[in-house]
Amino acid sequence: MTARPTIIDCDPGTDDAIALFLALASPELDVRLVSVVGGNVGLDHTLRNARAVVGLTGRAVPVVAGADRPLLGRFVPAAHVHGADGLGGLALPGGPAAAPGIAVDAIRSLLRAAPPRGVTLIGLGPATNLGLALAVEPALAGRVAEIVLMTGAQGEGNVTPAAEFNAYNDPEALAVVLGCGAPVTLATLEVTHQALCRAEEIAALRAAGDGACLRAAAAIWERTPPASRSGGLGMAQHDACAVAWAVAPHLFKSVEVFAEVDCGPGPGRGRTVLAQWARGGRAANARMLTELDSAAFFTLLNARLAALP
Ligand code: RIB
Ligand code: CA
């Protein structure tokens, strides 16, 4: 098996942290860069958190700062979910210094040096960094093997009735990514809520090992409030679903869709329109994940986190 050269763009964020642990523990991925965007909390916190998580794994992966605001307007943070610091108040040792430069340049230079369809992009936050890179240099889409995004919802959003958080925070950037021509896979709220972390899953994780990364992940889970959408049962592991698709696609079922996003100013802003049938003659431009083998997902997650330092 050849590991997939991969860039992870994220806004840690409690679930981003779990997703980063999974990615950095998985031999299927050759993570070349972690780029950071504002979103769940401000860029100052998301950058520090990404550095801390990468540092805890001991992996020598550069972490680079990106956008602290969307293409238009401001990010609407989610500190009520992730805590003011973005990790539920969990204090982690500071990780390595951030790499010099900015995300959009680092992403573009990695893609420029890659062969056709050579790099997988995994987007776990507002798509601002990815959208900027692909808008500035559209030809780079040809160097992208697949763009896997945690974004959007078929039905009700989690920020407004219409919109999921990442899509809502930068719909214009998402529109650029959806239209770039590279293969796109979407992990929407409907599939991420099948990866629901409850007390049982936390206990199983703690029983799986005793390394610093595993214990940090368990502590993050213990600090994250259950999602009201789950009836208070647990926390959806949104971002880890996107990484799990890249690592173990057999855990999922999916359908082809024509995906677009509402960039208007009204109540529908950030809504993802994911059409399986009524495509109006337009060919599908994305794969949408629909079903997850949840038990196998958590078994994989526990095994990979147990293998980390
Ligand atoms: O809607 C969930 C998404 O928004 C996740 O990526 C979470 O980290 C937040 O960024
Ligand atoms: Ca995120």
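Whatever order the structure lists ligands and atoms in, that order sets their numbers, starting from 1. Worth knowing before you read on, the calculation uses all heavy atoms, side chains too, and leaves out hydrogens, waters and symmetry mates.
For Asp11, the N, O or S atom with the smallest separation from the Ca ion (ligand 2) is OD1. Nearest to the Ca ion (ligand 2), among the N, O or S atoms that Asp239 has, is OD2.
Counting heavy atoms under 4.0 Å from ligand 1, residue Thr192 does not touch it at all. Of the heavy atoms in Val159, none comes closer than 4.0 Å to ligand 1.
Ranking protein heavy atoms by distance to atom 6 (O) of ligand 1, first place goes to Asp239 OD1, 2.6 Å. Shortest contact from atom 9 (C) of ligand 1 to any protein heavy atom: Asn40 OD1, 3.1 Å. With hydrogens left out, the protein atom closest to atom 4 (O) of ligand 1 is Phe165 CD2, 3.2 Å, a heavy atom.
In terms of heavy atoms, Thr192 sits closest to His238 at OG1-ND1, 2.8 Å. Leu90 approaches Ala216 most closely through the heavy-atom pair CD2-O, 3.6 Å. Contact between Ala133 and Ile107 at its shortest, heavy atoms only, is CB-CG2, 3.9 Å.
Applying the 4.0 Å criterion to heavy atoms of Glu164 picks out, from ligand 1, the atoms 1 (O), 2 (C), 3 (C), 4 (O). Counting atoms of ligand 1 from 1 in the listed order, those under 4.0 Å from a heavy atom of Asn166 are 3 (C), 4 (O), 5 (C), 6 (O), 9 (C), 10 (O). Residue-ligand proximity, Asp16 to ligand 1, at heavy-atom distances under 4.0 Å covers atoms 8 (O). Listed by atom number, the atoms of ligand 1 under 4.0 Å from Asn158 heavy atoms are 1 (O), 2 (C). Taking every non-hydrogen atom of Leu124 and a distance limit under 4.0 Å, the qualifying atoms of ligand 1 come out as 6 (O), 10 (O).
In terms of modelled atom types and a separation under 3.5 Å, the side chain of Asp16 and the main chain of Asp239 share no donor-acceptor contact. With Asn49 contributing its side chain and Pro12 its backbone, the two residues share a donor-acceptor pair below 3.5 Å. Under the 3.5 Å distance criterion, the side-chain polar atoms of Arg271 are left unmatched by any main-chain donor or acceptor of Ala163.
Look at Asp16 and the Ca ion (ligand 2): an N/O/S atom of the residue is under 3.0 Å from the metal. For Gly13, every N, O or S atom stays at 3.0 Å or more from the Ca ion (ligand 2).
The existence of a salt bridge linking Arg229 and Glu156 is excluded, since no basic side-chain nitrogen approaches an acidic carboxylate oxygen closer than 4.0 Å. One finds no salt bridge joining Glu137 and Arg143 here, because no Lys/Arg side-chain nitrogen approaches an Asp/Glu carboxylate oxygen to under 4.0 Å.
Side-chain atoms of Val273 and Asp262, non-hydrogen and from C-beta on, never get closer than 4.5 Å to each other.
The option with the heavy atom closest to atom 5 (C) of ligand 1, from among Asp15, Val37, Asn169, is Asp15.
The CE atom of Met288 sits 3.5 Å away from atom CD of Gln154, with the distance rounded to the nearest 0.5 Å. Rounding to the nearest 0.5 Å gives a distance of 10.0 Å between CG of Asp105 and CG of Leu132.
For the pair Met150 and ligand 1, the shortest N or O to N or O distance does not fall below 3.5 Å. Residue His238 has no N or O atom closer than 3.5 Å to an N or O atom of ligand 1.
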